Structure formats: C-alpha cells, structure tokens
Amino acid sequence: MHFLFRLAVFLTLWSCSNAQGQTKEESPEEVKIEVLHRPENCSKTSRKGDLLNAHYDGYLAKDGSKFYCSRTQDEGHPKWFVLGVGHVIKGLDIGMMGMCPGEKRKVIIPPSFAYGKEGYAKGKIPPNATLMFEIELYAVTKGPRSIETFKEIDTDNDRQLSKAEIELYLEKDFEKDAKPRDKSYQNAVLEDIFKKNDHNRDGFISPKEYNIHQHDEL
C-alpha cells in the first residue's frame, strides 16, 4: 500500500466548492472514458468521497496542445483530491469513478463538464473547449479530515498534533511503501505538512487547523 494514502489528510485540505471557472450547465453530452491499462488485481475501486492520488495531463482535444501537467507542479508530486465533491472539474469527477490503483485512463470531457462557454483564461482553456486528460491513478483511500484519523495520530489525546506524533505516523506509512525513502525525504514531508497547516505557527496542528479547507485549481 502506498505510504502517501494517509499523508493526504494533511496535504489536501481543499475547498469543496466547484473547481475555479467550472460551468454548472446541464448537458446531454457525455464524458468518454477509454481504459488504457487496468491491473489484474483490483480489490478496491474509487467512489464518491474517496481520497485519490493521481497524475494527469490535460490537452485541448482540437489540436492536442497541453495546458496542464501535474508532473511539473509542486515538484512533480501526484495530486491529491477528494472524488465527487468538486475539487476537480465535473468531467474528471465522472471520468475517475470506478478506477483502481495502478489504472490508466484517457478521458474526453465536453465543455459542459469542463469550463463551458467562458473557458478558463488562467488555465489557457478557450471557451467551448473539449478537453482530453490522460490519468494514472496511484492510490484510493478514505477521504481526509476524519476524526478517526486525527485521534489515531493524537497518541497523547491532547487534541493537537505535534511534530513527534506526525513523524511517528509518517514512519509507519513509510514502512508500508514499496519504495525505500530516506530520512531527508521524510523530514521534508513533515516540514511541508506544518508549513501548510500550522497556521498560527505554534508548532502544533489543532482540530480547527486540521479541518481548514484550501483551494486547488484543477
């Protein structure tokens, strides 16, 4: 099991509102899904509310020009998001349902399930654009911000998460990872967690900070 499954509790505190610029139009158009690769062993598939970890590249269908690549964002780390709640455009929410870890898909998304008549200038997406995404899913796990996970990490039951508690939690998840990770990488992850979530800089992550939602674009 990938160690980043549970780490997402900290690294993906995103808004549950619609993705920026996404249209809310209804349309008879459909999202087209092509499965490029599906592992033989698939005991768990994605469903609404699951936390997913994936890389995806976005292209304009009309000319194949790339407008987004997750591998060039955030030092190349795969993206974490909760499925089916608007963290990503509606077409991706639909296109990634029923996927299993290790699966690859190509998804064609009509404008009505993407950025519609307005487009998305910041993302270099013109009005009425059909989009194509190539997706590789790495992890499917329970969604973030659960009280159960907070209590599991909070070993001294003081209702706040210290660096030592989170470090211990990370070490356990790192042990589950097939890839060996050195201590410097783990330390970098720990620092990133506190940078993004310890908003009052007191060295602890409170229940309130643990539940603060931030926004990611795609």
Side-chain angles (χ1 to χ4, degrees), residues 2 4 8 11-40 42 44-141 143-144 213-218:
H2 201 287
L4 287 175
L11 297 184
T12 53
L13 304 177
W14 294 337
S15 168
C16 286
S17 61
N18 284 343
Q20 183 174 353
Q22 181 180 346
T23 181
K24 295 183 180 179
E25 295 177 26
E26 297 295 331
S27 172
E29 296 177 299
E30 294 183 352
V31 175
K32 297 178 181 178
I33 300 170
E34 178 184 352
V35 177
L36 304 177
H37 170 73
R38 187 177 178 90
E40 292 183 6
C42 182
K44 180 178 179 62
T45 58
S46 60
R47 57 184 181 178
K48 184 176 180 179
D50 282 342
L51 180 68
L52 307 188
N53 181 239
H55 266 313
Y56 48 90
D57 297 336
Y59 304 84
L60 298 180
K62 67 175 183 179
D63 59 11
S65 59
K66 183 184 290 188
F67 63 83
Y68 183 80
C69 177
S70 61
R71 291 174 175 82
T72 63
Q73 307 288 323
D74 299 326
E75 299 181 350
H77 297 303
K79 292 290 186 180
W80 287 100
F81 56 92
V82 179
L83 186 65
V85 298
H87 285 171
V88 292
I89 58 175
K90 188 174 182 180
L92 281 176
D93 271 338
I94 294 170
M96 297 186 69
M97 290 286 184
M99 288 186 77
C100 57
E103 185 172 338
K104 297 179 182 179
R105 288 183 178 181
K106 180 163 68 173
V107 179
I108 307 296
I109 302 174
S112 55
F113 291 107
Y115 295 96
K117 296 177 180 178
E118 284 103 18
Y120 182 38
K122 187 176 179 180
K124 300 180 180 178
I125 299 171
N128 297 312
T130 296
L131 309 181
M132 189 272 284
F133 283 89
E134 292 180 349
I135 305 162
E136 182 173 4
L137 181 62
Y138 295 108
V140 178
T141 190
H213 295 293
Q214 298 172 356
H215 185 75
D216 208 340
E217 292 175 359
L218 289 171

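Start at 1 with the first residue, then count along the sequence. Just so you know, these numbers come straight off a predicted model, no measurement behind them.
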- So, are Asp57 and Arg71 salt-bridged, with charged N and O less than 4.0 Å apart?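 Salt bridge present between Asp57 and Arg71.
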Gap separating the [atom1] atom of [X] from the [atom2] atom of [Y], nearest 0.5 angstrom:
X	Y	atom1	atom2	answer
His55	Thr72	NE2	OG1	9.5 Å
Lys124	Ser65	NZ	OG	10.0 Å
Met132	Lys62	CE	NZ	14.5 Å
Phe67	Lys122	CZ	NZ	14.5 Å
Glu134	Ser70	CD	OG	11.0 Å

Less than 4.5 Å apart, any side-chain heavy atom of [X] and any of [Y]?
X	Y	result
Asp93	Leu83	yes
Arg38	Cys100	yes
Met99	Thr45	no
Phe81	Leu52	yes
Pro110	Glu30	no
Ile135	Leu92	yes
Glu136	Pro78	no
Leu60	Leu131	yes

Check whether any side-chain N or O of [X] sits under 3.5 Å from a backbone N or O of [Y] as a donor-acceptor pair, and report yes or no.
X	Y	value
Arg105	Ile33	no
Thr141	Leu51	no
Ser46	Met96	yes

- Task: Determine whether more than 12 heavy atoms belonging to other residues, nucleotides or ligands lie under 6.0 Å from atom NZ of Lys44.
- Result: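 Yes, enclosed.
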Heavy-atom closest contact ([X] atom, [Y] atom, distance):
X	Y	value
Val107	Gly91	CG1-O, 4.3 Å
Lys66	Tyr59	CE-OH, 3.4 Å
Tyr68	Lys79	OH-CE, 2.8 Å
Gly98	Glu103	O-OE1, 4.1 Å

- Message: Does the plane of the ring in Tyr115 sit parallel, tilted or perpendicular to the ring in Tyr120? Use 30° and 60° as the thresholds.
- Response: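 It falls in the parallel class, under 30°.
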